[in-house]
**Q** 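Structure in structure tokens, see below.
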Amino acid sequence: MTPKDVGFDESRAAAAPSVSGFGGHLWAETDAAAAAIHREEHHVAHNYHPLPVVVASGEGAWVTDVAGRRYLDCLAAYSAVNFGHGHPGLVQAARDQLDRITLTSRAFHNDRLGPFAEALAALVGKDMVLPMNTGAEAVESAVKVARAWGYRVKGVAAGQAKIIVAEGNFHGRTTTIISFSTDEQARADFGPFTPGFVTVPYGDAAALEAAIDENTVAVLIEPIQGEAGVVVPPEGYLQAVREATSRANVLFIADEIQTGLGRTGTTLACELSGVVPDLYLLGKALGGGIVPLSAVVGNRDILGVLRPGEHGSTFGGNPLASAVGLAVVELLATGEMQRRASELGDRLHAGLRGLMGRGVTGVRGAGLWAGVDIDPALATGREVCERLMERGVLAKDTHGSTIRFAPPLVVSPEDLDWAVEQLAAVLDDLRG
Ligand SMILES: *Cc1c(COP(=O)(O)O)cnc(C)c1O
């Protein structure tokens, strides 16, 4: 179908923007942006509600739209772009590999997977890596590994394995994963659901321990719940989960797909609590914002249960993703990104806490990651994000009145301060 068939004039799409500067106009008023949004509206399933900005390029913490306006990216693709847009070292690793080979399938070996897996396992202190592509695939893989471990190692009766999860969790969008979501919007009309999951309140270690029985094979939790609004569990929670799971011979699976790889000021959020789970789930930033790359990482006594032919992925462990993943691991091995996240995070949290009582009712988070509760009497999170966009800051609301701030870890201190100033200005405008 040509653009004309869906009702707009191609020449208008290419025309110069009719609006320039941050003048309080809706960005979609520019012809190029309107055309792009129109095409998406007509030809892309409406499973998202994007802000009306059409990004054309990006560098570091900044992106530029089709009309040439720049925005500070305070979402960083839900932390998949932790190292910034177009990180030179990561882009170079991808370019170099593009010229060699990109895909072999795992029917053959490739010379990039081994070095990537060895480096990633070393980075997080484990033996083995199961490479996949998306975060949801890593979660699905961990569910399968935990069940197989339960039957083959722990001795759970066939078909009886149970996995304990937390209320408010977000682990992805597949049918099995939404089976244990507590977000009705994620589940409605998508059943029937996969059995074998038990839900307990997040942050309540006693409830979790009480839910463990002889058929429990694993506990699957996020060390900080990201999509729930950057919810940090109470002090001592992760330690108590570790102790309870160790006592009962139950696997502790930490979904670090959003928390991991530098965001919280540490390589893994579990480090903040001094806790070592049995399996880490990694994704998002592992692919450097360039390719989808995820992994289950653990020791041989658990990941070793998988036998040839039982599990797989055509693209999992491909040489292009492995080359980028290795460059990501090498970047994190220096500790510089984690240091930046920690230092800039202190600055961000201090700035945001300064807005308490000026339209902000709560600030949570760790490292360069914050969930900010907006007084619902003032505005919805969506309204605040739209006004932030008009001021050149891209952020995303979650659960009605919460906004998260997670800029790339390469953001400058000055730009970070400027973003907080824009939020302050939006809140002042809203309060009249
Ligand atoms: C994003 C996310 C996932 C799912 O990752 P996809 O790549 O979107 O499938 C799983 N768990 C957590 C904690 C996430 O934030």
Side-chain angles (χ1 to χ4, degrees), residues 45 47-48 50 75-82 124 130-146 163 165-183 185-187 190 194 197 199 202-203 218-233 238 241 252-264 266-270 272 277 279-297 313 315-316 318 321 324-325 328 364-371 396-399 402 404-406:
N47 55 327
Y48 279 86
L75 179 66
Y78 302 86
S79 290
V81 188
N82 273 0
V124 304
L130 171 59
M132 300 297 288
N133 310 284
T134 66
E137 284 177 304
V139 174
E140 289 273 351
S141 302
V143 166
K144 289 171 72 176
V145 166
I163 295 175
V165 299
E167 283 172 10
N169 71 71
F170 182 85
H171 297 289
R173 299 295 197 168
T174 63
T175 321
T176 286
I177 293 172
I178 61 161
S179 297
F180 54 84
S181 170
T182 56
D183 176 358
Q185 220 192 351
R187 290 164 52 92
F190 297 138
T194 308
F197 299 94
T199 308
Y202 187 64
V219 167
L220 167 63
I221 49 173
E222 299 154 83
I224 294 174
Q225 288 190 329
E227 295 311 294
V230 194
V231 177
V232 182
L238 296 175
V241 170
F252 178 0
I253 307 171
D255 182 345
E256 293 249 18
I257 290 166
Q258 193 164 160
T259 52
L261 309 179
R263 176 56 61 189
T264 62
T266 46
T267 303
L268 300 154
C270 285
L272 296 169
L279 295 176
Y280 293 111
L281 309 185
L282 300 171
K284 294 201 165 102
L286 190 58
I290 299 174
V291 287
L293 175 60
S294 67
V296 182
V297 191
S313 160
F315 279 85
N318 72 75
V324 174
V328 164
R364 294 172 302 276
L368 194 55
W369 199 26
K396 183 73 175 83
D397 55 301
T398 181
H399 294 274
T402 299
R404 63 185 121 200
F405 280 87

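Just so you know, these numbers come straight off a predicted model, no measurement behind them. Residue indices begin at 1 and follow the sequence shown. Remember, it's 1-based here, ligands and their atoms both numbered in the order they're listed.
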**Q** In terms of atom number and element, which parts of ligand 1 are under 4.0 angstrom from non-hydrogen atoms of A136?
**A**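 What qualifies from ligand 1 is 4 (C), 5 (O), 6 (P), 9 (O).
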**Q** Which of the atoms in ligand 1, numbered in the order shown and given with their element, are less than 4.0 Å from a heavy-atom of D255?
**A**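 Those atoms are 10 (C), 11 (N), 12 (C), 13 (C).
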**Q** Test of understanding: given a 4.0 Å heavy-atom threshold, classify the contact between F170 and ligand 1 as side chain, backbone, both, or neither.
**A** both
**Q** For the 3.5 Å polar cut-off, considering only N or O atoms, please tell me whether Q258 and ligand 1 meet it.
**A**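 In this structure, Q258 places an N or O atom under 3.5 Å from an N or O of ligand 1.
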**Q** Does K284 approach ligand 1 within less than 4.0 angstrom via side chain, backbone, both or neither, non-hydrogen atoms only?
**A** side chain
**Q** So, taking the atom named OG1 in T267 and the one named CG in L261, what distance separates them when rounded to the nearest 0.5 Å?
**A** 8.0 Å
**Q** I need the nearest protein heavy-atom contact for atom 5 (O) of ligand 1: residue, atom name and distance, please.
**A** G135 CA, 3.3 Å
**Q** Do other residues, nucleotides or ligands put more than 12 heavy atoms under 6.0 Å from R173 CZ?
**A** no
**Q** Check the pair E222, T259 against side chain to side chain contact (heavy atoms under 4.5 Å, CB included), reporting the backbone distance first and the verdict last.
**A** CA-CA 8 Å; E222 299 154 83; T259 52; 5.5 Å; no
**Q** For ligand 1, which atoms sit closer than 4.0 Å to a heavy atom of E222?
**A**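 Those atoms are 13 (C).
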**Q** Would you say that more than 12 heavy atoms from the other residues, nucleotides or ligands in this model lie under 6.0 Å from the CZ of F252, or not?
**A**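 Yes.
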**Q** In the complex you have, is atom 7 (O) of ligand 1 within reach of the protein, judged by whether a heavy-atom distance drops under 4.0 Å?
**A**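 True for atom 7 (O) of ligand 1.
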**Q** How long is the gap from CD on Q258 to CG on L281, to the nearest 0.5 Å?
**A**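 Answer for the CD-CG pair, Q258 versus L281, is 13.5 Å.
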**Q** Answer with yes or no whether the side chains of T264 and T266 bring together a donor and an acceptor at under 3.5 Å.
**A**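 Side-chain D/A pair, T266 to T264: present.
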**Q** Without swapping roles, check the side chain of E256 against the backbone of A269 for a donor-acceptor pair under 3.5 Å.
**A**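 At least one qualifying donor-acceptor pair exists.
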**Q** For I257, take its heavy atoms, then give the atoms of ligand 1 lying under 4.0 Å from any of them.
**A**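 Checking each atom against I257, I get 2 (C), 3 (C), 10 (C), 11 (N), 12 (C), 14 (C).
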